[in-house]
Trainee: 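First the structure, which I've put down as structure tokens, then a few questions once you've had a look.
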Amino acid sequence: TYLPFDWDEYLRDTKSLAAPYECFKQAVTLPQNEFKIGMKLEALDPRNVTSTCIATVVYIQGLRLRLRLDGSDNKNDFWRLVDSSEIHPIGYCEKSGGMLQPPLGFRMNASSWPMFLLKTLNGAEMAPSKIFQREPPGPRTNLFQIGQKLEAVDKKNPQLICCATVGNLKQDQIYVTFDGWRGAFDYWCRYDSRDIFPCGWCAKTGHPLQPPGQKNATGNSKFKGRNIPVVNTSDIQSPEADTSAPLPPPITVYVYKTCTGGPLVDVAQ
Ligand code: MLY
């Protein structure tokens, strides 16, 4: 459990507005997440979207599934919403005349794919088709405005959904900027991207929300604390210290940012 981020307070403090629900391609009535870890399904290979592969649910967070392609490594996991159009029950591909493909970077020889497929599906728990949800329709045009707040997936750390602001607009695209980060994570995406959510979506769906970062601590906002001080014990002189005794090896102590530390902690470090 975690304390949900207080959007009302943050919007007040930053004198900003949340992008309205109608801007997003997200369900108005929230679906259920009835997927379970270990269930198998069909998913488009994110690195090669013309291929449909077998994927296993390896983690669940709110309405999102962390997926791993069978036969792939654990370094290329990706996340999909339960109402994503890119996931289907097993059998869907074949029914629509397609063939299941090995993932990009298949661990084995390509010739072992048919046997691998047979083995990976044998006795597997397949996600039942009734738990897949239809993708929501979404808006017909880009309704966003510059400055509006939202919740957005950090594409470099896709397990994270973070406080963000619409930084710019260009036809069907919006520029997502992450509050309190210096721009390295910002990106352009379509207005109907499934990676952006209205303020409050994380709290409603039971997904953690990353609060604003502290990388441009200008004002005194409590959301932008000072950097965490680091203490080097070799710099601490206690009154009774035997200065002839050898010093212990230095260690680093991390102090929580709201802790003032007391007289022995040099915050400047
Ligand atoms: N370990 C990473 C995490 C950065 C996350 C940034 N998001 C929240 C915009 C880092 O500190 O670089």
Side-chain angles (χ1 to χ4, degrees), residues 1-11 13-19 23-26 46 58-68 73-81 144-170 173-231 252-259 267-269:
T1 58
Y2 58 95
L3 279 179
F5 176 70
D6 190 340
W7 265 115
D8 288 337
E9 186 184 12
Y10 184 62
L11 292 173
D13 283 9
T14 57
K15 298 186 176 41
S16 47
L17 294 173
C23 296
F24 297 89
K25 185 177 178 137
Q26 299 296 347
V58 294
Y59 195 68
I60 293 170
Q61 190 83 268
L63 294 180
R64 301 174 85 211
L65 310 170
R66 182 180 175 134
L67 301 176
R68 185 170 301 163
D73 52 63
N74 57 6
K75 301 283 180 317
N76 291 288
D77 290 356
F78 55 102
W79 293 80
R80 290 292 175 265
L81 290 163
F144 285 102
Q145 285 174 24
I146 291 176
Q148 288 174 332
K149 299 285 182 196
L150 68 157
E151 300 178 357
V153 171
D154 171 355
K155 292 200 198 248
K156 293 186 177 165
N157 304 277
Q159 73 280 16
L160 303 179
I161 299 183
C162 319
C163 292
T165 306
V166 179
N168 207 347
L169 297 170
K170 202 184 201 172
Q173 306 274 316
I174 72 165
Y175 192 59
V176 174
T177 67
F178 289 94
D179 289 25
W181 293 88
R182 284 196 186 112
F185 301 94
D186 301 353
Y187 58 82
W188 286 97
C189 68
R190 281 185 55 93
Y191 68 90
D192 54 1
S193 162
R194 300 304 315 276
D195 285 339
I196 53 176
F197 308 92
C199 297
W201 188 89
C202 280
K204 270 203 285 181
T205 60
H207 195 290
L209 175 69
Q210 301 304 118
Q214 309 174 355
K215 286 290 167 75
N216 47 9
T218 43
N220 296 323
S221 163
K222 71 174 123 172
F223 299 101
K224 295 173 181 166
R226 58 181 159 77
N227 287 328
I228 295 166
V230 172
V231 186
T252 301
V253 178
Y254 295 90
V255 181
Y256 191 65
K257 64 182 179 233
T258 55
C259 171
V267 171
Q269 288 195 60

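All residue numbers in this chain count up from 1 along the given sequence. We use all heavy atoms of the structure for the numbers below, so side chains are in, but hydrogens, waters and symmetry mates are not. Counting starts at 1 for both ligands and their atoms, in listed order.
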Trainee: For residues Asp179 and Thr165, is any side-chain donor paired with an opposing acceptor at under 3.5 Å?
Mentor: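 Yes, a side-chain donor-acceptor pair sits under 3.5 Å.
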Trainee: Give me the ring orientation class for Trp7 and Phe5: parallel if the planes are under 30° apart, tilted from 30 to 60°, perpendicular past 60°.
Mentor: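 Perpendicular: the ring planes of Trp7 and Phe5 meet at over 60°.
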Trainee: What atoms of ligand 1 come within less than 4.0 Å of a heavy atom belonging to Asn157?
Mentor: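 So the atoms of ligand 1 that pass are 4 (C), 5 (C).
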Trainee: Would a search of protein heavy atoms around atom 2 (C) of ligand 1 find one under 4.0 Å away?
Mentor: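 Given the 4.0 Å cut-off, atom 2 (C) of ligand 1 does not count as touching protein heavy atoms.
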Trainee: Give the numbers and elements of all ligand 1 atoms closer than 4.0 Å to a heavy atom of Cys162.
Mentor: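 The list of qualifying atoms is 8 (C).
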Trainee: May I ask you to identify the nearest protein heavy atom to atom 12 (O) of ligand 1, giving residue, atom name and distance to one decimal place in Å?
Mentor: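 For atom 12 (O) of ligand 1, the nearest protein heavy atom comes out as Phe185 CZ, 3.8 Å.
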Trainee: Can you confirm whether Leu17 is buried at CG, in the sense that more than 12 heavy atoms of other residues, nucleotides or ligands lie under 6.0 Å from that atom?
Mentor: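 Atom CG in Leu17 is not crowded, with 12 or fewer foreign heavy atoms closer than 6.0 Å.
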Trainee: May I ask you to decide if the ring planes of Tyr187 and Phe178 are parallel, tilted or perpendicular, using 30° and 60° as cut-offs?
Mentor: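 Plane angle between 30° and 60°, so tilted.
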Trainee: Below 30° counts as parallel, above 60° as perpendicular, anything between as tilted: where do the rings of Trp79 and His207 land?
Mentor: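 Correct class here is perpendicular.
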Trainee: Output yes when the distance from some N or O of ligand 1 to some N or O of Asp154 is under 3.5 Å, and no in every other case.
Mentor: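 By distance alone, the answer is yes.
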Trainee: Please check if a non-hydrogen protein atom sits closer than 4.0 Å to atom 7 (N) of ligand 1.
Mentor: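 Flag for atom 7 (N) of ligand 1 set to true, protein heavy atom closer than 4.0 Å.
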